[in-house]
Amino acid sequence: MDLTTIIGWGLAIFLIVNGITLPKLGNFYDVPSILIVFGGTVAALIACYPLNILKDIPKHIKVCFRGKGYNIPKTVETIVDLAMVARQNGLLALEEKAEEIKEPFFHSAVLMIIDANDPDKVRSTLENRLDEMAARHEEARGLYLKGSALAPAFGMIGTLVGLINMLKGMNLSGSGGASTLGQDMSVALITTFYGSLLSNVFFHPIAQKLAVRENEEELYGSTVIEGVLAIQAGENPKYIRENLLASLKTGEQQKLLAKEPEHNESDGGES
Amino acid sequence: MDLTTIIGWGLAIFLIVNGITLPKLGNFYDVPSILIVFGGTVAALIACYPLNILKDIPKHIKVCFRGKGYNIPKTVETIVDLAMVARQNGLLALEEKAEEIKEPFFHSAVLMIIDANDPDKVRSTLENRLDEMAARHEEARGLYLKGSALAPAFGMIGTLVGLINMLKGMNLSGSGGASTLGQDMSVALITTFYGSLLSNVFFHPIAQKLAVRENEEELYGSTVIEGVLAIQAGENPKYIRENLLASLKTGEQQKLLAKEPEHNESDGGES
Amino acid sequence: MDLTTIIGWGLAIFLIVNGITLPKLGNFYDVPSILIVFGGTVAALIACYPLNILKDIPKHIKVCFRGKGYNIPKTVETIVDLAMVARQNGLLALEEKAEEIKEPFFHSAVLMIIDANDPDKVRSTLENRLDEMAARHEEARGLYLKGSALAPAFGMIGTLVGLINMLKGMNLSGSGGASTLGQDMSVALITTFYGSLLSNVFFHPIAQKLAVRENEEELYGSTVIEGVLAIQAGENPKYIRENLLASLKTGEQQKLLAKEPEHNESDGGES
Amino acid sequence: MDLTTIIGWGLAIFLIVNGITLPKLGNFYDVPSILIVFGGTVAALIACYPLNILKDIPKHIKVCFRGKGYNIPKTVETIVDLAMVARQNGLLALEEKAEEIKEPFFHSAVLMIIDANDPDKVRSTLENRLDEMAARHEEARGLYLKGSALAPAFGMIGTLVGLINMLKGMNLSGSGGASTLGQDMSVALITTFYGSLLSNVFFHPIAQKLAVRENEEELYGSTVIEGVLAIQAGENPKYIRENLLASLKTGEQQKLLAKEPEHNESDGGES
Amino acid sequence: MDLTTIIGWGLAIFLIVNGITLPKLGNFYDVPSILIVFGGTVAALIACYPLNILKDIPKHIKVCFRGKGYNIPKTVETIVDLAMVARQNGLLALEEKAEEIKEPFFHSAVLMIIDANDPDKVRSTLENRLDEMAARHEEARGLYLKGSALAPAFGMIGTLVGLINMLKGMNLSGSGGASTLGQDMSVALITTFYGSLLSNVFFHPIAQKLAVRENEEELYGSTVIEGVLAIQAGENPKYIRENLLASLKTGEQQKLLAKEPEHNESDGGES
């Protein structure tokens, strides 16, 4: 479980409430303002997207809170295991092993090489799927980027509504109208505050978290593709591990390669 | 019919009117302001684009309200049917079936493989057409993005007109000039309000909806191209279905693959 | 002649003057403000670009007002005619026909195939020229985009000049200084008004119109390239027409294909 | 020498001073404001870039004022001359001619074909060098774009410093504090004025001029590469000239082609 | 050690403090404001990124202060040395030399050619690693760009908090409420000041410095790749040096080539 989004939100809200000071918290609560900014942003997003994208919002939120979805070092180990099996007993021997792989993309990739497809076809098919997944994620992310642009705009629309009403009312009651000027103006500004908060504390982090998850998925996907093609090409398992791990951070890589010698010894005979 | 744009618009306007409060709705009605913002934005768009792009605006609006135009799962089924016919009776047997396909892009794609064109030529010709469609849609979308940028600009031009007139008039009537200051200023701000509304509630959602439709069309087009080429290559109908469905969402894909076994059985003999 | 730019400008100016109201039009006339905004923007553009780009400005303006420069349906017909001649009498028979083509790009493209150049070379040479034309147009368009960014900036510089002078002068004359406050401020704001107008009504539309023209030219250029290469490859004139017309809008395309049968009959013998 | 940058700067400053009016010029001179905006922008740029990029600033400024560095029509003539020599006496005969070429890129390109390198290698090596030159220029240009973004930011920082100090001091001296309000505020606004001026009159034009120079260099470089490869391929000098000139403006091209006949006659025997 | 970031920061802070003037420095110190802007920006960044990216922040800061990490001229010399060894004694003779290379990318590149891998595979593997390094650096840089966008937003949120509280409180104490208006407003503006400073003085320079480092690494990486492949291809060491140095600045290049003759003489016999 990835708690950084929740921790970040909690911390941001705590610090802002601390800046407001508790007794004045009531100054920042105004129902019509909430409706204009939150409701207006949601309404504009509904106008922007068809139902089949909108109904995936709960999934996106879940992705943000989910822990790192793809354990790439473990995936590399699985690929190396498969490569050793394939080297000793041929690609068909992978059939049994493939059943143990739960993740659908990896599973179908292994099935493709068992079916003895042409390497070029395997690559183009899998890369195509990866591209289509990325395009869908990009579209999902666009929803939150759009939200982060619309929220301040509805904040300003709300402030303009407040200001115009306030200014229009001013001369009706003569100079006495100015007595509530400060209060009216503070209400007008609340919507700008809401819009800015909604954009920077809510929408931006979600859009960014989705982008990070997308990168992870892409890295996972290309690791699987390269690994599966290397298995098909009958490459040395040691070389496969080393090459796939180059895509991890240098630091993590060192730790993983430290474990290498024992494997080296175990597959030493065949390389 | 895709109602989200209408629902979103209705909701946004309801919430803003709720924020204004009904008795004060009159504060937000000012004819010259409407003319400057709405008229000015339209005028600048007319200056930006030649007639042949402007006259397609009704079509674009219709596209936004049209339901999902392309039923991709059904298209995949049609492609699978064609593939089975082609496998049993050859490509020429598709001629009859092609007559039943109404959608012009799919129709002409099937005709191309019946005419025994070279696969590379089929791909390049169809991809070219798809690219040109996309370029035209992109140009159409640009019109609304431009509108969403021009509307707030004309809102500000209107506010400047109001402010300059107001400030210029102030010293003519001495200190008494300030008595209508609030009202004058509220009128000046109305144009900014109009511009912001026009941009965020009208232009942005249309531009975004067109982008979503464009993505759907692109997905449809590439499904047709891949499918038709797979038919021409004489691939296994089962494999064609599986591969084309990878482009749909994982969720929808599962539902569709659930129907697969029966087909598997029916074409089991030939795979 | 393409009147939309002039109509758009006229309409925009009429609506803004209507918002100002005629008797107050004098409020918006201030010579030093005009010099700062218009002159300053022009001065900054002069500083941005060398002479050989600046001296093409009249040409760019002319392009905006010129009607649709390229008649693509007619170009396609010419290509189809050339294809029929080439099929019957060989590529050398095009020499005479080539003399009738006035447009230099099309003319040189036809000459290249008469000279029996290698198809790859014809394509790369013509695409290179097209790319270089596009790069020059992009550079020209950049001038107006830069102008649309500089104009509001000089508007703000002018407003700051006005505000600083006004505020500095305020305490010199005691409380009496406030008597001209409104008027001084209105003058200060005029430059912002000018900058916004110059950017949104003048520069933006010109930049956009140039982009539209560029797209037309690109479509024309690629139609010529594909057509000429198809002639060289000795393709069926009927197929050439159909394929080239796919680049036109679906609507226009239908109209053109309606005329097809007679051609079909006339060239039926050779296909 | 390219005077447009100096003329543009002079004109912009003259028009702004004209707007300020000479007697009030003193209002716009404030040493701490100059230090915050100019110094702060320079300080932030120093923090942004390592020394080896910062020390090239004088070179960049020189490039802006330098006249058109590359005489492409003359380069084309040189290439045509070399092509004629190569056709008559072979590539080795170019050695002597190569000594006369001062420009290092052209010189090394000619040496590469004399050394009988493989055409693919010549192209990839020269294009690589061109790309690396472009990347360096892009990095240099980034410095001025960064400056044009930082200058208004430091202008605003300065204005905030002035406003905060002014507002904080207001209640110390009771209502009397307002007597210098105008003057204090005008000083606060001066930094915004400086920042806007620095960005739009200084940084933007330099960044743009460097971009124009970069385009020229790229055009020169690709002319040299295409020309040298055409010489190596032993192409017709007349065709080389015609093809290379297509990269110049249509206008200039006509003038140059007008001179062509005499050359045509002189090299008529060999084509 | 690269001091420009520290020098730039010091200079910027000195100039701003100079603009504030020392006795008024206390006006700019307010704990809740610091918490909203600094804390809020950090909180939003925590919400944006998972832990494994956040924990690399100290590394990024270190990279900014580290001197030029890659000595490319020296790397070129090493490559030339390796090339001479390889030419005389074959690729296997590099094994000993490879041990002396500490930098892991260069080291593994040399090992790859010793292992007699296919040149295409060497290139694709190394370029893949370089791309993955660049993607990771780009992600890291995104953190600071995001920070530079969030800081002013939290500055504005803080100012809105201050303004709303101030305006709400105004009418509670009648006209007397205005007595602290200036001071309250100055406190409200401090957060905008903090946000602007944090963005322009802290986040922007770090993001830019990381970009510069990334370019250096990319240049280093491509130098190593080209060099190692040239060694494998058995090219002339003199030619390798000349070609690789083309990627350095013209100035530095001249200095390095000046040293060339002696090398030329020493390897004259073999070229």
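Quick note on labels: first sequence line is chain A, next is B, and so on, each numbered from 1. All values below come from the heavy atoms of this structure, side chains included, with hydrogens, waters and symmetry mates left out.
Distance CE/E:M166 to OG/A:S186: 10.0 Å, rounded to 0.5 Å. Summarising the geometry, atom CG belonging to A:N215 is positioned 7.5 Å from atom CD1 belonging to E:I53; distances are rounded to the nearest 0.5 Å. Within the model, atoms CG of E:L167 and CG of A:N27 stand 10.0 Å from one another, a figure rounded to the nearest 0.5 Å. Taking CG from A:L15 and CD1 from E:I34, the interatomic distance works out to 12.0 Å, rounded to the nearest 0.5 Å.
Ranked by heavy-atom pairs shorter than 4.5 Å toward chain E, the options A:I7, A:I16, A:L210 are led by A:I16. Options E:C48, E:A135, E:G158 differ in how many heavy-atom pairs under 4.5 Å they form with chain A, and the most are formed by E:C48. Listed options A:I190, A:T21, A:V201 were ranked by heavy-atom pairs under 4.5 angstrom with chain E; first place goes to A:I190. Comparing E:L35, E:L51, E:D30 by how many heavy-atom pairs each has under 4.5 Å with chain A, the most go to E:L35. Of all the listed residues (E:P50, E:G142, E:S33), the one sharing the greatest number of non-hydrogen pairs under 4.5 Å with chain A is E:P50.
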| message | Checking E:T125 against A:Y239 for the side-chain contact (heavy atoms from CB on, under 4.5 Å) test, could you report, in this order, the C-alpha distance in whole Å, the side-chain angles of both residues, the deciding distance, and whether it holds? | response | CA-CA 11 Å; E:T125 306; A:Y239 170 78; 3.6 Å; yes
| message | Quick one, E:K168 with A:Q183, criterion side-chain contact (heavy atoms from CB on, under 4.5 Å). Give me CA distance, side-chain angles, the key distance, then yes/no. | response | CA-CA 5 Å; E:K168 201 78 172 193; A:Q183 197 154 22; 3.7 Å; yes
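Between A:F28 and E:I164 the shortest side-chain heavy-atom distance falls below 4.5 Å.
Using a distance-only test at 3.5 Å, with no hydrogens or angles considered, no donor-acceptor pair links the side chain of A:T4 to the main chain of E:A47.
The side-chain contact (heavy atoms from CB on, under 4.5 Å) test with A:L189 is passed by exactly one of E:T159, E:V161, E:L163: E:L163.
A:Q208 and E:Y49 make their closest contact through NE2-OH, 3.2 Å (heavy atoms, listed as atom of the first residue, atom of the second, distance).
Only the side chain of E:L54 comes within contact range of chain A, with heavy atoms under 4.5 Å apart.
Of all residues spanning residues 37-44 of chain E, those with a heavy atom less than 4.5 Å away from chain A's heavy atoms are E:G39, E:G40, E:A43, E:A44, arranged by number. Scanning residues 146-157 of chain A against chain E with a 4.5 Å heavy-atom cutoff picks out nothing at all.
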